Amino acid sequence: MPGRAGRGGWRAAGALLLLALAGCAQMTSSTMGTPVTGAMFQDEVVGHVLSFRVAGGRLAEAQFQPDGTAVYSGDFIDRVGRWRPWPNGYCAYYPRIGAGPALGRTFSGPSDAEGFRCYTVRASDGAYVVFQPDGTFVGTLIPVR
């Protein structure tokens, strides 16, 4: 029949589509995009509502307030804490999340004496990609417009 591909044609088209989509997928690397300093984080992120997507696709809403309050709400986290700028991004403290192994690998990076955990931030394609200082991917902050 005209306009119909045989089985081999559909397989080839499907394989090409998968390759094209794989080429479009954003790779998360602690060297990707542009570094975001604490001052840049304050200027570009603070006060805005953001979507926060962590590894595994879980989603929350995040907002960093000018007064140092940090709010996360969503299907896997619903907490209020504090944040502050850090030369490589920001540091956050969430007293109700807990500490140590209870946080899981994604959020459990090293903390300072006050309990703040610092995160490196990289700007890429209109989003802010967050990493632990050792390069472990934490999640992506995407401005909600």
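Keep in mind that what you see is a predicted model, and the values were worked out from it rather than measured.
Considering all non-hydrogen atoms of both residues, Pro143 and Ala127 come closest at CD-CA, 4.5 Å. The two residues Gly33 and Ser124 come nearest to each other via the heavy atoms CA-CB, 4.2 Å.
Contact check for Val138 versus Gln132: side-chain heavy atoms found under the 4.5 Å cut-off. Contact check for Trp86 versus Thr120: side-chain heavy atoms found under the 4.5 Å cut-off. With a 4.5 Å cut-off on side-chain heavy atoms, Phe52 and Thr140 do not count as touching. Contact of the Val130 side chain with the Phe137 side chain is not registered, since no non-hydrogen atoms from C-beta on lie closer than 4.5 Å.
Separation of the Tyr119 and Phe131 ring centroids does not fall under the 6.0 Å cut-off.
Take Glu44 and apply the side-chain hydrogen bond (donor to acceptor under 3.5 Å, both in side chains) test, not counting sequence neighbours, and it matches Tyr128. For Ser51, the side-chain contact (heavy atoms from CB on, under 4.5 Å) partners are Leu59, Ile142, Val144, not counting sequence neighbours. Taking Arg122 as the reference, nothing meets the salt bridge (Lys or Arg N to Asp or Glu O under 4.0 Å) condition, with sequence neighbours excluded. For Arg84, the side-chain contact (heavy atoms from CB on, under 4.5 Å) criterion is met by Cys91, Asp112, Glu114, Phe116, not counting sequence neighbours.
The OH atom of Tyr90 sits 5.5 Å away from atom CZ of Phe41, with the distance rounded to the nearest 0.5 Å.
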Which pairs of donor and acceptor atoms, one on a side chain in residues 62-69, lie under 3.5 Å apart (sequence neighbours left out)?
| residue | atom | partner | partner atom | Å |
| --- | --- | --- | --- | --- |
| Gln63 | OE1 | Gln65 | NE2 | 3.1 |
| Gln63 | NE2 | Gly47 | O | 3.4 |
| Asp67 | OD1 | Thr69 | N | 2.9 |
| Asp67 | OD1 | Thr69 | OG1 | 2.9 |
| Asp67 | OD2 | Thr69 | OG1 | 3.4 |

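Listed by first then second residue, pairs satisfying side-chain hydrogen bond (donor to acceptor under 3.5 Å, both in side chains) with a partner in residues 33-42 number zero, not counting sequence neighbours.
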